[in-house]
Amino acid sequence: MGKNTIAAIITSIRNADMHRKGTVRLPSTNITENIVKILLREGFIENVRKHRESDKYFLVLTLRHRRNRKGSYKTIFNLKRISRPGLRIYSNYQRIPQILGGMGIVILSTSRGIMTDREARLEGIGGEILCSIW
């Protein structure tokens with residue numbers, strides 16, 4: 001993973017979901033752990049466990065898939081990185097975008113940590129808009 005860890009997290013999860021992989025292995029950092037906790041709490045992933053290999057910790061995510069009637073898998077994730085290193089996007093709590101009328105979530109980095117759009121609106125704080133998921 002390079003300097004842009006959030007984009008690497010999103011890309012790893014999106015690629016695993018498109019190729020119908022059951023698990024994703026991500027390096028464990030504070031940002032990664034906070035984003036994965038939000039994904040687990042919101043129901044976008046099934047399970048998370050921490051794995052250690054030679055002094056490095058990894059998070060192993062179990063993705064959630066849906067089957068349609070014909071037996072093929074349908075992807076659940078639609079992830080989009082909003083703020084990036086070349087163009088940071090900040091918002092106050094009144095202008096945080098709603099994804100699909102509240103069906104999706106926006107993950108923000110605030111002064112009180114990484115949280116969803118609903119939590120930020122309830123606490124009345126804004127921050128950097130990291131990504132959106134629906």
Side-chain angles (χ1 to χ4, degrees):
M1 233 189 263
K3 293 182 180 181
N4 196 353
T5 58
I6 298 168
I9 293 166
I10 290 171
T11 303
S12 297
I13 293 173
R14 187 186 312 123
N15 288 342
D17 191 45
M18 283 190 319
H19 294 286
R20 299 183 189 121
K21 302 288 183 188
T23 60
V24 180
R25 188 176 143 200
L26 302 171
S28 179
T29 63
N30 287 337
I31 294 172
T32 307
E33 288 182 11
N34 289 331
I35 290 174
V36 166
K37 283 179 189 175
I38 289 173
L39 292 176
L40 183 65
R41 187 174 62 226
E42 295 290 328
F44 288 103
I45 57 177
E46 283 185 19
N47 192 10
V48 178
R49 65 181 163 129
K50 203 167 190 177
H51 180 67
R52 182 178 178 182
E53 280 184 22
S54 67
D55 297 341
K56 291 186 180 180
Y57 287 96
F58 294 96
L59 295 175
V60 179
L61 313 178
T62 305
L63 299 180
R64 175 170 285 167
H65 293 283
R66 282 188 283 191
R67 282 185 177 262
N68 62 13
R69 284 185 237 159
K70 296 181 182 177
S72 63
Y73 285 99
K74 182 178 180 185
T75 60
I76 284 190
F77 279 111
N78 285 317
L79 293 132
K80 184 178 179 188
R81 176 75 198 257
I82 296 175
S83 183
R84 52 192 172 89
L87 180 64
R88 302 286 185 189
I89 306 293
Y90 295 96
S91 176
N92 63 7
Y93 77 96
Q94 297 165 339
R95 295 185 183 225
I96 297 172
Q98 282 192 342
I99 305 299
L100 294 177
M103 295 294 289
I105 63 169
V106 175
I107 297 179
L108 291 102
S109 175
T110 66
S111 59
R112 297 185 191 159
I114 296 178
M115 60 179 65
T116 64
D117 56 344
R118 289 181 214 114
E119 295 168 347
R121 280 191 204 96
L122 285 174
E123 293 192 25
I125 56 175
E128 182 182 356
I129 301 173
L130 299 178
C131 61
S132 62
I133 304 165
W134 70 93

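One is the number of the first residue; the rest follow in order along the sequence.
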Compare all side-chain heavy atoms of Thr32 with those of Pro27 and state whether any distance is below 4.5 angstrom.
no
Quick one: does Ile6's side chain get under 4.5 Å of Ile35's, heavy atoms only?
yes
Is Ile38 close to Ile105 at the side-chain level, that is, under 4.5 Å between some pair of heavy atoms?
yes
Using modelled atom types only, decide if a donor and an acceptor are shared between the side chain of Arg14 and the backbone of Leu79 within a distance under 3.5 Å.
yes
Under 3.5 Å, sequence neighbours excluded: what are the donor-acceptor pairs made by side chains of residues 114-131?
unit_1, atom_1, unit_2, atom_2, d
Thr116, OG1, Glu119, N, 3.4
Arg118, NH1, Glu42, OE1, 3.2
Arg118, NH2, Gly102, O, 3.2
Glu119, OE1, Thr116, N, 3.2
Glu119, OE2, Arg41, NH2, 2.9
Arg121, NH2, Ile96, O, 3.0
Arg121, NH2, Pro97, O, 3.3
Glu123, OE1, Arg112, NH1, 2.7
Glu128, OE2, Ser83, OG, 2.6
Glu128, OE2, Arg88, NH1, 3.0

Could you tell me the separation between the CD1 atom of Ile82 and the CG atom of Leu87, rounded to the nearest 0.5 Å?
11.0 Å
I'd like to check the side-chain contact (heavy atoms from CB on, under 4.5 Å) partners of Asn47; sequence neighbours left out, ordered by chain and number.
Thr62
Checking side-chain polar atoms at under 3.5 Å, does Arg81 have a donor or acceptor matched by the opposite partner on Asn4?
yes
With sequence neighbours left out, the residues meeting salt bridge (charged side-chain N to carboxylate O under 4.0 Å, His left out) with Arg49 are none
With Lys80, which residues qualify under salt bridge (charged side-chain N to carboxylate O under 4.0 Å, His left out), at least two apart?
none
Transitively linked via ILVMFWY side-chain contacts under 4.5 Å: Ile45 with Ile31?
yes
Return the CG to CD distance between Leu61 and Glu46, rounded to the nearest 0.5 Å.
11.5 Å
Can you establish whether the number of heavy atoms outside Ile89 located under 6.0 Å from its atom CD1 is more than 12?
yes
Would you say the side chain of Val24 lies within less than 4.5 Å of the side chain of Val60, judging by non-hydrogen atoms?
no
Would you mind checking if Asp17 and Arg20 are paired as a salt bridge, meaning a charged N to carboxylate O distance below 4.0 Å?
no
For residues Trp134 and Val106: do they belong to one hydrophobic cluster (side chain heavy atoms under 4.5 Å, members Ile, Leu, Val, Met, Phe, Trp, Tyr)?
yes
Pairs where residues 91-103 contributes a residue and the test side chain to side chain donor-acceptor pair (under 3.5 Å) is met, not counting sequence neighbours
none
Separation between CG of Leu26 and OG1 of Thr5, rounded to the nearest 0.5 Å
10.5 Å
Other cluster members, Phe58 - Ile/Leu/Val/Met/Phe/Trp/Tyr, side-chain contacts below 4.5 Å:
none
Any side-chain heavy atom of Met18 within less than 4.5 Å of one from Asn15?
yes
Is Ile13 close to Leu39 at the side-chain level, that is, under 4.5 Å between some pair of heavy atoms?
yes
